[in-house]
Structure formats: C-alpha cells, structure tokens
Amino acid sequence: MEPDQAASDQTGPGSAETKIHFKVTRFIMEAGVKLGLRSIPVATACTIYHRFFAATVAPGPYDPYLVAMSALYLAGKVEEQHLRTRDIINVSHRYLHPQSEPLALDSRFWELRDSIVQCELLMLRVLGFRVSFRHPHKYLLHYLLSLRPWLNRHGWERSPVSAAAWALLRDSYHGGLCVRYPPQHVAVAVLQLALDCYGLEVPAHAQAQKPWWQVFSEDLSKAQIDQIILDLIQIYTLDAEIC
Amino acid sequence: MERDLLRQALGFHGPALLSLLRTEQHDNPDFRGLLPPGGPSLEPPGGAQHQPPARKEKRIDNIEIQQFIAKKADLLFALSWKPSVSTDSESNEENEDCYAVMPPLEQFMEVPSEDRRELFFRDIERGDVVIGRISSIREFGFFMVLICLGSGVIREISHLEITALCPVRDVPSHSSHGDPLSYYQTGDIIQAAIKDIDRYHEKLTISLHSSALPPSLSSTKLGVISSEDLPLHYRRSVEVASTSETYEKVLHHSLGFANPAIVEFLLGKLGLSESSPPSLMRGLQRKNFNEEDFAFALRKKQSASWALKCVKIGVDYFKVGRHVEAMNEYNKALEIDAQNVEALVARGALYATKGTLNKAIDDFEIALKNCPTHRNARKYLCQTLVERGGQLEEEDNLLNAQNYYKKALLLDETFKEAEDALLKLRKHMQVILYFLLTLIYYNQNSY
C-alpha cells in the first residue's frame with residue numbers, strides 16, 4: 001500500500017484516467033467554493049483523492065464522484081472545518097444534475113449518506129490513516145511576505161503577484177503536483193511563475209551568493225523549478241482540451 | 001486591462017510575447033485598445049540592465065510560459081485582481097504568535113553591500129520609519145547610523161553604515177527652554193521618520209515630529225526607544241547572523257509557524273480572500289457560480305420542502321380529528337424549518353380549535369410576518385383575535401377586548417365580525433359610562 005506509486009494513475013498526460021481525475025478534482029474545487037470550504041481543506045480533499053487513486057488499482061469499482069464526496073467530508077474533519085453530509089449531498093447532486101430539486105428525505109438519501117460514511121472508512125484504511133499533509137500554502141504565504149519588502153514597491157503594488165500565485169497554487173490541485181513534489185518546491189515554482197507572468201525580477205538576483213529560490217528551499221535546483229512549472233502549465237492545457 | 005502592468009510584462013518578455021498576445025487575445029475588446037497596430041513602446045520600466053542575460057537563460061521554457069501568459073492574459077491583467085493598497089500599511093505589526101516573522105531575505109541571499117546600498121537608496125520613501133543609533137551630536141542637529149527600518153520596507157542595512165541627519169528644528173523640545181538636543185546622548189537608539197532623500201548623493205534627512213509620518217503610521221512613537229522595542233525581524237536577523245541558520249530552519253523553529261489560523265491571518269495581510277478565491281481556470285471563475293447552487297441556499301429550499309411534507313401529513317390527521325398526531329407532525333415540521341409559514345398556520349389553527357387562543361395568535365403573527373401576503377394566516381388571525389376579544393369581554397376586561405377588536409380591524413378592515421363586535425362593545429361601554437355618571441350625579445345631589 002505505497003501511496004507514492006504513481007504507476008497505476010496518470011499513465012500519460014492525455015489518458016482517459018487523467019481526464020476523469022481532472023474532471024472530478026474540478027468538481028471538488030467547485031463544491032469546495034459552494035460549501036464555503038477554505039483553501040487548505042480543499043487542498044487536503046484533492047490530495048486525499050489523488051493519493052487514494054494512486055494507491056488502488058484505478059479506477060476500479062470505485063465511483064470517483066463518491067470518492068470525491070467522501071474526500072471532502074474527511075478533509076473537513078481533518079482540517080477542522082466540519083461539513084454536514086447533507087450539504088455535501090445537496091451540492092453534489094445539484095452539480096451532477098443541474099437545476100434539479102433538492103433530494104427528499106427518503107431511503108435514497110439515507111443510502112447516499114451511508115455510502116459516504118463507508119467510503120470514508122475505506123479511504124482511511126487505504127491511506128493507512130495518514131491523512132494529515134503539509135501543504136505548500138503556508139510556505140507560499142511566507143515566501144510572499146519575505147519577497148514583498150525586497151521587490152520594488154511600485155512593481156509590487158502594480159502587480160497582483162499574491163493573487164496570481166495563490167490562484168496557480170489552488171489550480172495545481174487538478175493534477176497530482178501535490179503528490180509528486182515536496183510542498184516547498186511547489187510553493188517556489190508557483191511563485192516563480194507568478195513573477196514571470198508579470199515580468200518582475202528579484203533585485204540583485206545575479207549578484208547574490210544564493211539565488212532567492214535556493215534560500216527558500218536548499219535542495220531545489222533551477223531545472224526542478226522549470227519542470228514543475230511545465231507540469232503546471234500542462235494542467236491548464238488539459239483544461240482547455242477537456243472543458 | 002492594466003496598462004502599466006501589461007507594459008511591464010511585455011518589457012520583460014519582449015516582442016515574442018506581443019505577437020502571441022495578438023494571436024490569443026485578438027477578439028478581446030479590452031486588448032484592442034491597448035495593443036495598437038504599431039505596438040506599444042517596449043521601454044522596460046526599471047531593471048533594463050538585467051534583461052539580456054535573463055532572457056537568454058530562460059530561452060527554453062520561455063515559449064511555454066509566454067504562451068501561457070498570452071492565453072490567460074485577460075485574467076492575469078484584469079483590473080479586478082489589483083491588490084488593495086491599504087493592506088500594506090494597516091497590518092504592519094510583527095505579531096510573532098500569528099506567523100513566522102523572518103529576517104530580511106537579502107541576508108539569506110548574501111547580497112553584496114554595494115547592491116544592498118544601491119537598492120536601499122532606490123526604494124526608500126519619504127515617511128518611512130527608520131531606527132538608528134546616534135553617532136554624534138552637533139549644534140545643528142544629530143547624526144545617526146541606521147540599524148534597521150521600522151515599517152513597510154524591511155531591509156538589512158545595519159552594516160551598510162548609512163548615516164542620516166536630524167536637524168535641530170526637527171527635534172521636538174522636551175522643556176520650554178534650553179537646547180532640545182541636550183536630551184539626547186551618543187549611543188541612544190532613535191526611531192525617526194524620513195523627511196527628505198537625496199538619492200544621488202545618498203543623503204538622508206530625518207525628523208522626530210509626527211507630522212513627518214504618513215497618516216496610516218501616525219501612531220508610531222518617535223524618539224528614544226529601548227533595545228526591546230527593536231523590531232522582531234531585526235532581532236531575528238542578528239540571531240541568524242551569528243548562527244547562520246537556513247531560512248527553512250528559522251521558519252520551522254518559529255512558534256508562529258505552528259499557528260493553526262496562520263493561513264487566514266497571512267491571507268488577510270496579503271489582501272487575499274477565501275470567500276472569493278482567485279483562479280486561472282475559466283470554469284472556476286467565482287462570478288459564474290449561481291448562488292442557488294450553494295449549500296446554504298439548497299439547504300433552505302430542502303428544509304422548506306421537507307417541512308411541507310410533515311405539514312401535509314399533519315393536516316390529514318387533523319381532518320380526521322387525530323389532534324395529538326397532527327400536533328406532532330407540525331412540531332416536527334417546525335424543527336426542520338423553524339420559520340415555515342404553512343406549519344405555523346396549521347399549528348395555529350390547531351391551537352385555535354383546541355381553545356389555546358394566545359398560542360394560536362402567536363403562531364399566526366409569526367407566519368404573517370414571514371409572509372405578509374398569506375391569506376389564510378391573515379384570515380385566521382383576524383378570527384382568533386375577535387374570538388379572544390369575546391372571551392375578554394365576558395371576563396369584563398373591556399379595554400383589552402377593545403384592543404383585540406381594533407387589531408383585527410387593522411389587519412383586515414373589511415372583517416365584518418370584528419366591526420360588529422367593536423360597535424357592540426362600544427355601546428356596552430357607553431351604557432356603563434352613563435350608568436356611572438348617573439350614580440355620581442345622584443350621589444352628589446343627595447348631599
């Protein structure tokens with residue numbers, strides 16, 4: 001039960017599995033907003049989802065949307081922003097059947113609720129009860145706070161680097177970046193891409209003994225950053241293909 | 001579209017980005033205004049000397065990144081993403097319990113002194129707060145060597161030996177006579193505001209008057225401070241200089257890093273929102289979400305529909321006289337949806353039938369408040385008010401009875417029974433009044 005075996009999932013960038021996982025993580029992100037879930041619990045839900053399908057023979061007999069719903073429920077518990085199953089069911093049902101009436105309090109509703117709870121237990125067992133993760137978010141926020149005073153004040157005020165970096169980080173959960181790379185590396189890569197988007201340069205970058213990204217993460221290299229950025233851009237390309 | 005921002009990005013990436021932008025965004029009306037056929041001037045804003053080497057380095061993935069920028073340009077350069085400037089000045093306190101306060105970045109980067117000095121003089125602004133140690137006192141003012149900055153810009157300047165002059169007129173006097181400078185001694189740690197900057201000659205003038213401070217920082221204390229008042233980022237910087245820990249170690253050892261609410265706090269400091277999170281995916285733009293699909297709205301709609309089901313069952317019980325079961329169903333409905341109008345009206349009717357008129361009136365009133373156009377609520381309320389009035393009249397509580405009749409008429413001026421009851425009551429009250437008056441008259445006359 002090695003969660004990091006990426007052999008079974010994402011066999012290729014355009015494979016059918018990757019597409020399904022993309023769609024379902026899109027569902028998790030959208031449901032997260034509609035449930036008022038904060039960024040960290042949403043990230044936890046996506047990570048649980050990716051790790052689950054990395055650990056099992058994917059997709060197997062599991063309904064990915066049910067797994068996603070349970071992931072949301074579990075993530076809410078882990079990150080102390082508890083969700084009610086009723087709300088998760090309502091939002092999911094409406095997502096999958098747009099404009100439909102809310103579900104009646106009948107046996108089907110109770111069965112759905114039971115499914116979520118049972119799937120949650122299954123997920124916990126598959127993941128070895130390891131459902132607490134270190135996310136890039138904390139690191140990214142500190143890097144932004146450290147970089148802000150060093151950058152030219154007008155450049156910073158003019159460029160929404162924080163918003164762009166945060167958006168890139170949130171969107172990255174459509175793919176499995178969170179599973180493949182350590183959180184500090186992802187945070188740095190996202191920040192580098194955000195700076196590139198607005199054409200901002202870190203002052204004295206060439207003259208310093210240590211490049212700024214190595215300050216944030218000692219074991220990082222430029223090639224690794226570039227690879228993560230390419231993977232991230234790949235996710236957006238996938239979005240254009242699917243949606 | 002943010003013009004300056006776009007120019008900044010184009011200046012960095014060069015003409016290749018411009019042509020990509022034209023291809024990707026050619027049907028975007030906001031862009032046509034900004035990209036005239038001749039192309040905007042590609043003068044880069046400030047770091048021109050860094051451009052050629054940077055572009056050569058990133059050659060390989062530059063194309064991918066530029067394509068990405070071009071595709072997402074309408075989102076990246078949208079006006080709605082502009083960060084709110086106010087967040088910079090208001091939350092500048094370094095609260096070590098809330099997050100990890102870090103020493104200046106350039107200390108870890110080991111930037112050479114000349115560059116640090118150059119960048120300091122490029123970025124320092126009037127109104128910034130500086131902290132330094134007095135090096136010498138003359139008759140025209142005192143000189144101090146800067147140790148660190150107290151607000152906004154955080155820099156490592158303690159070893160750069162930057163001096164600033166505080167002229168005597170910018171020193172507030174502590175007594176009505178005598179030299180204001182006599183209060184100070186060499187070696188005092190002073191917090192002051194930058195009054196004037198000569199960037200070319202690298203000369204700084206500072207002031208101890210709070211008028212030199214910008215409005216957002218006006219509560220900062222200027223003058224002598226103790227070493228405990230030195231900002232946390234400076235004290236950490238001194239520690240790191242002696243232990244030469246890495247950034248990551250300092251981060252992990254900081255108590256604030258373990259704060260569970262750290263993400264919310266820092267998002268506030270950086271001006272980002274959790275309720276309306278930014279995204280570069282077109283499908284996740286918050287404005288495209290329908291409020292009706294949100295959990296709160298769905299729950300409300302669902303509660304109303306579940307409650308209605310219970311009410312229907314309750315009404316069926318009521319019709320066959322099974323009042324206890326009916327009441328149970330109504331109460332169940334109100335537990336699911338406390339403000340459900342149908343449930344309140346049904347329960348009110350049940351109370352009225354059983355004779356508990358006051359509770360009935362309460363239920364009807366809440367129902368009518370929630371839905372003023374509910375015909376049955378209004379009708380039943382009027383009827384019950386009149387009935388209650390009648391009860392009060394029989395108990396000789398005439399004034400209260402009158403109030404109830406009046407209330408009923410207020411709700412529905414065409415309600416005949418209320419009108420009749422009121423008139424009858426008034427006649428009754430008049431009779432009593434005449435009787436009392438006659439009694440008094442006779443009593444008086446008998447004396």
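Chain naming here is simple, since letters A, B, ... match the order of the sequence lines and numbering starts at 1 in each.
For the set B:E291, B:R282, B:M109, the count of heavy-atom pairs under 4.5 angstrom toward chain A peaks at B:M109. Between chain B and the residues A:L35, A:I235, A:L193, A:V202, the largest count of heavy-atom pairs under 4.5 Å involves A:L193. When the candidates B:R286, B:M102, B:R155, B:K309 are compared by the number of heavy-atom contacts under 4.5 Å with chain A, B:R155 comes out ahead. Interface summary for chain A: among B:S303, B:S273, B:S275, the most heavy-atom pairs under 4.5 angstrom belong to B:S303. Contact tally against chain B (heavy-atom pairs below 4.5 Å) for A:Q214, A:M29, A:H135, A:Q184: the top residue is A:Q184. Between chain A and the residues B:I262, B:L17, B:L149, the largest count of heavy-atom pairs under 4.5 Å involves B:I262. Among B:S276, B:A297, B:P112, the residue with the largest count of heavy-atom pairs under 4.5 Å with chain A is B:P112. Ranked by heavy-atom pairs shorter than 4.5 Å toward chain B, the options A:I229, A:L169, A:N152 are led by A:N152.
Here the straight-line distance linking atom CG of B:L5 with atom CG of A:L200 works out to 8.0 Å at 0.5 Å rounding. The CG atom of B:L251 lies 8.5 Å from the NZ atom of A:K138; values are rounded to the nearest 0.5 Å. For the atom pair B:L284 CG and A:R26 CZ, the distance stands at 4.0 Å (nearest 0.5 Å). In this structure, the separation between OG on A:S39 and CD on B:E264 is 10.0 Å, given to the nearest 0.5 Å. Between B:K249 atom NZ and A:E218 atom CD the span is 8.0 Å, to the nearest 0.5 Å. Summarising the geometry, atom CD belonging to B:E274 is positioned 9.0 Å from atom CG belonging to A:L37; distances are rounded to the nearest 0.5 Å.
Geometric assessment of A:R86 against the ring of B:W306 yields a positive cation-pi assignment under the 6.0 Å and 45° thresholds.
When heavy atoms are compared at a cutoff of 4.5 Å, A:L103 approaches chain B by way of both its backbone and its side chain. Neither the backbone nor the side chain of A:E80 comes within less than 4.5 Å of any heavy atom in chain B. Contacts between A:H154 and chain B at a heavy-atom distance below 4.5 Å involve the side chain alone, from C-beta outward. Both the backbone and the side chain of A:Y143 come within less than 4.5 Å of a heavy atom of chain B. Proximity to chain A (any heavy atom under 4.5 Å) is shown, for B:L298, by both the backbone and the side chain. Contacts of A:R38 with chain B are made by both backbone and side-chain atoms, with heavy-atom separations under 4.5 Å.
Among all heavy-atom pairs drawn from A:C197 and B:L76, the shortest one is SG-CD1, 3.8 Å. In terms of heavy atoms, A:V91 sits closest to B:F294 at CG2-C, 4.4 Å. Smallest separation of non-hydrogen atoms from B:L105 and A:S146: CB-O, 3.9 Å. The two residues A:E30 and B:F289 have their closest heavy-atom pair at CG-CZ, 3.3 Å.
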Evaluate side-chain contact (heavy atoms from CB on, under 4.5 Å) for B:F296 paired with A:K34, printing each intermediate quantity in order.
CA-CA 8 Å; B:F296 181 72; A:K34 292 177 179 168; over 6 Å; no
List the steps, then state whether side-chain contact (heavy atoms from CB on, under 4.5 Å) holds for B:F68 with A:D196.
CA-CA 11 Å; B:F68 173 73; A:D196 280 344; over 6 Å; no
Could you go through A:L141 and B:F265, starting from their C-alpha distance and side-chain angles, then the distance that decides it, and tell me whether this counts as side-chain contact (heavy atoms from CB on, under 4.5 Å)?
CA-CA 10 Å; A:L141 291 172; B:F265 182 78; over 6 Å; no
Give the C-alpha distance, both sets of side-chain angles, the deciding distance and a yes or no for side-chain contact (heavy atoms from CB on, under 4.5 Å) between A:K210 and B:F108.
CA-CA 7 Å; A:K210 243 192 199 173; B:F108 294 99; 5.9 Å; no
So A:D239 and B:K71, salt bridge (Lys or Arg N to Asp or Glu O under 4.0 Å) or not? Walk me through it.
CA-CA 12 Å; A:D239 173 41; B:K71 287 202 179 102; over 6 Å; no
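In this structure, B:K72 does not pair ionically with A:D171, as no charged nitrogen and carboxylate oxygen lie closer than 4.0 Å. We find that A:D87 and B:R299 are joined by a salt bridge, their nearest charged nitrogen and carboxylate oxygen being less than 4.0 Å apart. Ion pair B:D293/A:R94 flagged as a salt bridge, since at least one NZ, NE, NH1 or NH2 atom sits closer than 4.0 Å to an Asp/Glu carboxylate oxygen.
Between B:L270 and A:R148, the closest side-chain pair of non-hydrogen atoms falls below 4.5 Å. Under the 4.5 Å side-chain criterion, counting only non-hydrogen atoms from C-beta, A:F109 is in contact with B:Q302. The closest side-chain heavy-atom distance from A:S159 to B:Q8 is below 4.5 Å.
Residues A:S217 and B:Y247 have side chains that never bring a donor and an acceptor to within less than 3.5 angstrom of each other. Neither side chain, A:E101 nor B:S305, offers a donor N or O lying under 3.5 Å from an acceptor on the other.
Between B:Y99 and A:H142, the angle of the ring planes lies from 30° to 60°, which puts this pair in the tilted group. Below 30°, between 30° and 60°, or above 60°: for B:F77 and A:Y198 the angle between ring planes is above 60°, a perpendicular geometry.
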